[in-house]
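Have a look at the structure below, then the notes.
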Amino acid sequence: MKNQKLKMSFLAEPVDVNYRGNVHGGKVMKWIDEIGYALAVQFSGKYCVTKFVDDIEFLKPISIGDLVKLKAEIIKTGVTSMRIKVVVSSKKLINNEKKKNCECFIVFVAIDKNGEKTTIAD
Ligand SMILES: CC(C)(COP(=O)(O)OP(=O)(O)OC[C@H]1O[C@@H](n2cnc3c(N)ncnc32)[C@H](O)[C@@H]1OP(=O)(O)O)[C@@H](O)C(=O)NCCC(=O)NCCS
């Protein structure tokens, strides 16, 4: 059975900072797009593009130096599309304080070499 989950983990770096000293929301959205892309390609074995993002909610800020974890899971598959839930959480390493920072749903569509949608099943 194909792997329907993927995790990523890394440190929030000073280059990720916004004007208040926390991680920029756009950066978090980029990470979500990246893990969604990686999972969609891993699952379908095809190049995939982002089609739709919904229900994105920023719950708590991420601080620079926090250990960031992203978890992605395919929750629905269609003919050409995959709906993926992504949860972003973080841990302050100095005191082990954990937070859920963001959650959203993102849809990827598999495309062929001409950029046309294509089936995710072989
Ligand atoms: C991806 C693309 C080829 C799809 O072509 P399309 O003819 O618009 O596709 P459709 O409207 O038939 O939708 C394709 C799939 O996405 C799903 N989908 C479309 N809109 C959706 C939405 N708002 N929510 C959830 N799923 C959606 C459809 O249900 C369909 O899934 P299925 O085949 O599994 O049933 C085309 O829209 C495209 O090239 N978009 C630009 C992608 C892009 O540039 N992304 C950003 C950079 S990666």
Side-chain angles (χ1 to χ4, degrees):
M1 184 167 160
K2 292 178 181 176
N3 204 341
Q4 301 198 11
K5 293 184 183 181
L6 192 64
K7 289 182 188 174
M8 273 173 33
S9 194
F10 46 82
L11 291 174
E13 297 183 351
V15 290
D16 301 326
V17 76
N18 67 11
Y19 302 106
R20 289 203 64 209
N22 294 316
V23 172
H24 204 283
K27 197 72 171 191
V28 177
M29 291 197 279
K30 180 173 180 285
W31 294 336
I32 289 168
D33 195 48
E34 286 172 350
I35 193 169
Y37 168 79
L39 180 56
V41 173
Q42 175 182 274
F43 182 81
S44 65
K46 301 196 173 154
Y47 184 71
C48 296
V49 289
T50 316
K51 177 66 178 170
F52 186 73
V53 183
D54 73 333
D55 276 351
I56 187 159
E57 183 174 8
F58 295 95
L59 302 160
K60 303 266 184 193
I62 301 173
S63 303
I64 300 308
D66 286 356
L67 184 66
V68 180
K69 290 184 184 176
L70 282 93
K71 286 185 189 173
E73 181 176 5
I74 294 180
I75 55 165
K76 188 179 167 200
T77 55
V79 179
T80 67
S81 69
M82 294 147 280
R83 183 172 172 83
I84 296 173
K85 180 180 180 182
V86 181
V87 175
V88 184
S89 58
S90 64
K91 181 165 83 170
K92 202 168 283 308
L93 293 168
I94 203 116
N95 60 8
N96 213 31
E97 181 194 340
K98 293 174 185 163
K99 289 187 246 179
K100 182 174 169 182
N101 305 98
C102 186
E103 184 174 296
C104 80
F105 296 89
I106 185 163
V107 174
F108 280 83
V109 174
I111 58 165
D112 64 18
K113 58 183 186 319
N114 300 314
E116 304 292 336
K117 65 188 172 190
T118 185
T119 172
I120 58 172
D122 285 322

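Worth knowing before you read on, the calculation uses all heavy atoms, side chains too, and leaves out hydrogens, waters and symmetry mates. This chain uses plain numbering: 1 for the first residue, then up along the sequence. Both ligands and their constituent atoms are indexed starting at 1 by order of listing.
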Given the protein's heavy atoms, is any one of them under 4.0 Å from [atom]?
atom                    : result
atom 1 (C) of ligand 1  : yes
atom 48 (S) of ligand 1 : yes
atom 28 (C) of ligand 1 : no
atom 41 (C) of ligand 1 : no
atom 45 (N) of ligand 1 : yes
atom 38 (C) of ligand 1 : no
atom 20 (N) of ligand 1 : yes
atom 14 (C) of ligand 1 : yes

query = Do V86 and F105 touch side chain to side chain, with heavy atoms closer than 4.5 Å?
reply = no
task = Decide side chain to side chain contact (heavy atoms under 4.5 Å, CB included) for K85 and E103; before the verdict, give the C-alpha distance in whole Å, the side-chain angles of both, and the deciding distance to 0.1 Å.
result = CA-CA 7 Å; K85 180 180 180 182; E103 184 174 296; 3.7 Å; yes
Heavy-atom nearest neighbour in the protein, as seen from [atom], with distance rounded to 0.1 Å:
atom                    : result
atom 16 (O) of ligand 1 : V109 CG2, 3.4 Å
atom 31 (O) of ligand 1 : S81 OG, 3.0 Å
atom 43 (C) of ligand 1 : T50 O, 3.7 Å
atom 5 (O) of ligand 1  : K117 CD, 4.1 Å
atom 22 (C) of ligand 1 : F52 CG, 3.6 Å
atom 25 (C) of ligand 1 : V107 CG2, 3.6 Å

Under a 3.5 Å distance rule, please check whether [X] uses its side chain to pair with a backbone N or O of [Y] as donor and acceptor.
X    : Y    : result
N114 : E116 : no
N101 : S90  : yes
K27  : A12  : no
K117 : V109 : no

task = Could you give me the CA-CA distance, side-chain angles and deciding distance for V68 and I62, then say whether side chain to side chain contact (heavy atoms under 4.5 Å, CB included) is met?
result = CA-CA 8 Å; V68 180; I62 301 173; 3.9 Å; yes
task = Go through the side-chain N and O atoms of S63 and K92 and say whether any donor and acceptor fall under 3.5 Å apart.
result =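 A pair is found: one side chain offers a donor N or O, the other an acceptor, under 3.5 Å apart.
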message = Between D33 and T50, is there a side-chain donor-acceptor contact under 3.5 Å, judged purely by atom types and distance?
response =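 D33 and T50 do have a side-chain donor-acceptor pair below 3.5 Å.
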inquiry  = Check this for me: does any side-chain nitrogen of one of R83 and D54 sit under 4.0 Å from a carboxylate oxygen of the other?
reply    =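 Salt bridge flag = yes for D54 with R83.
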Residue that, paired with F10, satisfies side-chain contact (heavy atoms from CB on, under 4.5 Å) out of D16, L70, L67 =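 For F10, the side-chain contact (heavy atoms from CB on, under 4.5 Å) test succeeds with only one of D16, L70, L67, which is L70.
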query = Nearest to atom 11 (O) of ligand 1 by heavy atom, K76, K51, R83: which?
reply =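 Among K76, K51, R83, the closest heavy atom to atom 11 (O) of ligand 1 belongs to K51.
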task = Using distance alone, determine whether V79 and ligand 1 share an N or O pair under 3.5 Å.
result =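 V79 vs ligand 1: N/O contact under 3.5 Å present.
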task = With heavy atoms of T80 as the reference, note each atom of ligand 1 found under 4.0 Å away.
result =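 This gives 14 (C), 15 (C), 30 (C), 31 (O), 32 (P), 33 (O), 34 (O) as the contact atoms.
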